[in-house]
Amino acid sequence: MAFDSLSEKLQNVFRNLRNKGRLTESDVKTAMREVKMALLEADVSFKVVKTFINSVTERAVGQDVLNSLTPSQMVIKIVNEELTKLMGDETTEIVLKPGNEITTIMMCGLQGAGKTTMAAKLAGKFKSKGRKPLLVACDIYRPAAIDQLRINAGKVGVDFFEMGTSHAPVNIVKAALEHAKANNENVVIIDTAGRLHIDEQMMEELITVKEEINIDHTVLTVDSMTGQDAVNVAETFNSKLEITGVILTKLDGDTRGGAALSIKQVTGKPILYIGTGEKLTDVEQFYPDRMASRILGMGDILSLIDKAEQEYDEQKAKELERKIKKSEFDFNDYLDQINSMRNMGGITKILEMLPGMGMGNMKDVDMSSGESALKQAETIINSMTKKERANPDLLNPSRKNRIARGSGVDIADVNRFIKQFNETKRVMKQMSGMMKGGKKRGFRLPFGKM
């Protein structure tokens, strides 16, 4: 995951500060030298690092910090605030026009940064908010890009517009806007051509579109795995096109994260969204304060709550509560809980957002056993008949043997899973009695030893 190495190093620095108790100015400056090296190794711009270290040091060596009862915590607080400031004090969103007014968003970036996929991700995100997006294919040099956008438009359930490769991009956009008006579509997302490197032809095409079309947002997609190259690309695009903001892709990969910490400071433009995976739902709003907390090992409970709320279905929740109270919780309900956890990113991503469990602290934690237990439970349930899933009491020895053969596991694994399931039912039944006065206490499923 992004920032793993940086997070680990910063947390080691702060652990050393805590061990000292009272701090001297020399202690702080020594720690800041270590922080400086950690940031540079994370591929953060040297100028950005210099400004950051100076700001933190100036605040941290003040007498109100050094003379406080918990100076190390005060230093961590200052670093957290300055990291947030570095990435942007406020969360910035793409502002959409009200009602049926069309908002035009032009996606730009180098080839391979994930621009075409991100266009579809944004379309799906806006659709989930009640908007009616239109994806427009303007990469006239790569037929494969047009096909990719068409396929992804179908996957996220939005309209798609293209005119092949024989028309100028500006004319395609003009025709797409007419199409959008005729079909009451109110968000037009334009996927433009990328190159392996910045060139004049690409820039001229984009400038022409902006000059002839009222583009509301010019959004740059950059590959965070390219480190400082991503910052240089952002700086060049911004100088030529005056971008609205940046989307960082591949932030779930093995990247040092320097781009996320440098782009806002270098370009003055905010990070709007981050790509966190390959699925078309793997896109998140970028929250500078939350990212700073995650880097420092403080967790990101708010983002975890956001993910949980996306999975929350009030009617399903009420039905589940009823079934728990009546001890009617079955394997279908268990499977629903597994799918909800998977939709939230799985065990690893959930734990990364918990205080003390994220990034650097998880490098030695083997999550494979927990993920394997989830997968095995799902396989076992899928090997049951519909009646068996709905009525666990039907599972006699012969049925269990058939399920074991069907799921490719040992009969002992089936018995162990059923025992876990029954324990879950028992715990849920106990907890249902604690849900009084409207105060509901959450529960978790025992998915196996981790």
Side-chain angles (χ1 to χ4, degrees), residues 155 276-282 304 307-354 357 365-435 440-450:
K155 287 180 179 179
T276 57
E278 296 181 0
K279 293 191 295 184
L280 292 176
T281 53
D282 290 338
L304 182 57
K307 285 179 176 289
E309 286 179 342
Q310 290 173 14
E311 288 301 308
Y312 180 76
D313 184 303
E314 189 172 359
Q315 287 302 116
K316 275 190 174 183
K318 288 181 178 179
E319 175 62 13
L320 181 62
E321 183 181 341
R322 184 195 66 78
K323 294 181 80 171
I324 290 171
K325 287 181 177 179
K326 293 185 175 294
S327 200
E328 294 176 1
F329 184 81
D330 59 30
F331 289 116
N332 290 315
D333 302 314
Y334 200 100
L335 196 58
D336 281 344
Q337 299 301 305
I338 293 175
N339 288 331
S340 291
M341 181 173 286
R342 182 172 289 119
N343 289 339
M344 289 173 64
I347 294 174
T348 302
K349 284 194 176 182
I350 290 172
L351 287 182
E352 282 177 355
M353 295 181 184
L354 297 177
M357 294 296 291
V365 179
D366 180 15
M367 300 304 302
S368 59
S369 59
E371 299 286 359
S372 295
L374 279 176
K375 191 170 183 179
Q376 186 180 84
E378 186 176 24
T379 303
I380 291 172
I381 294 173
N382 286 333
S383 297
M384 298 177 184
T385 65
K386 289 183 178 179
K387 287 185 178 179
E388 288 167 347
R389 291 186 204 175
N391 185 2
D393 293 335
L394 291 176
L395 296 183
N396 56 31
S398 63
R399 288 177 183 264
K400 291 178 184 177
N401 275 299
R402 191 203 76 247
I403 291 167
R405 291 194 301 272
S407 56
V409 300
D410 192 83
I411 184 65
D413 294 320
V414 175
N415 286 329
R416 188 181 303 112
F417 166 68
I418 293 172
K419 182 179 179 181
Q420 287 180 345
F421 172 81
N422 289 329
E423 176 64 15
T424 298
K425 283 187 70 172
R426 184 187 66 79
V427 171
M428 287 180 171
K429 181 65 176 176
Q430 287 179 344
M431 293 187 71
S432 68
M434 299 165 64
M435 297 179 183
K440 301 177 182 179
R441 304 180 185 181
F443 58 86
R444 66 177 182 85
L445 297 179
F447 289 120
K449 187 177 180 181
M450 291 184 283

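Values in this document were obtained by computation on a predicted structure and should not be read as measured data.
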Donor-acceptor contact below 3.5 Å, side chain N382 vs main chain E378: yes
Test side-chain contact (heavy atoms from CB on, under 4.5 Å) applied to R402 and E388, step by step: CA-CA 12 Å; R402 191 203 76 247; E388 288 167 347; 2.7 Å; yes
Whether D413 side chain and D410 backbone form a donor-acceptor pair below 3.5 Å: yes
Worked verdict on N401 versus R405 for side-chain contact (heavy atoms from CB on, under 4.5 Å): CA-CA 6 Å; N401 275 299; R405 291 194 301 272; 3.8 Å; yes
Min side-chain heavy-atom separation I403-L395 under 4.5 Å: yes
Exercise: identify the closest heavy-atom pair between R389 and D330: O-CB, 3.1 Å
Residue pairs fulfilling ring-ring contact (aromatic ring centres under 6.0 Å, His included) with at least one residue in residues 385-419, sequence neighbours excluded: F331-F417, Y334-F417
Smallest separation among heavy atoms of P392 and F421, with atom names: CG-CE2, 3.7 Å
Nearest heavy-atom neighbours spanning K387 and L394: O-CD1, 3.6 Å
side-chain contact (heavy atoms from CB on, under 4.5 Å) partner of V414, the single match among K400, Q376, M384, R399: K400
Under the side chain to side chain donor-acceptor pair (under 3.5 Å) test, residues paired with D393 that sit two or more places apart: none
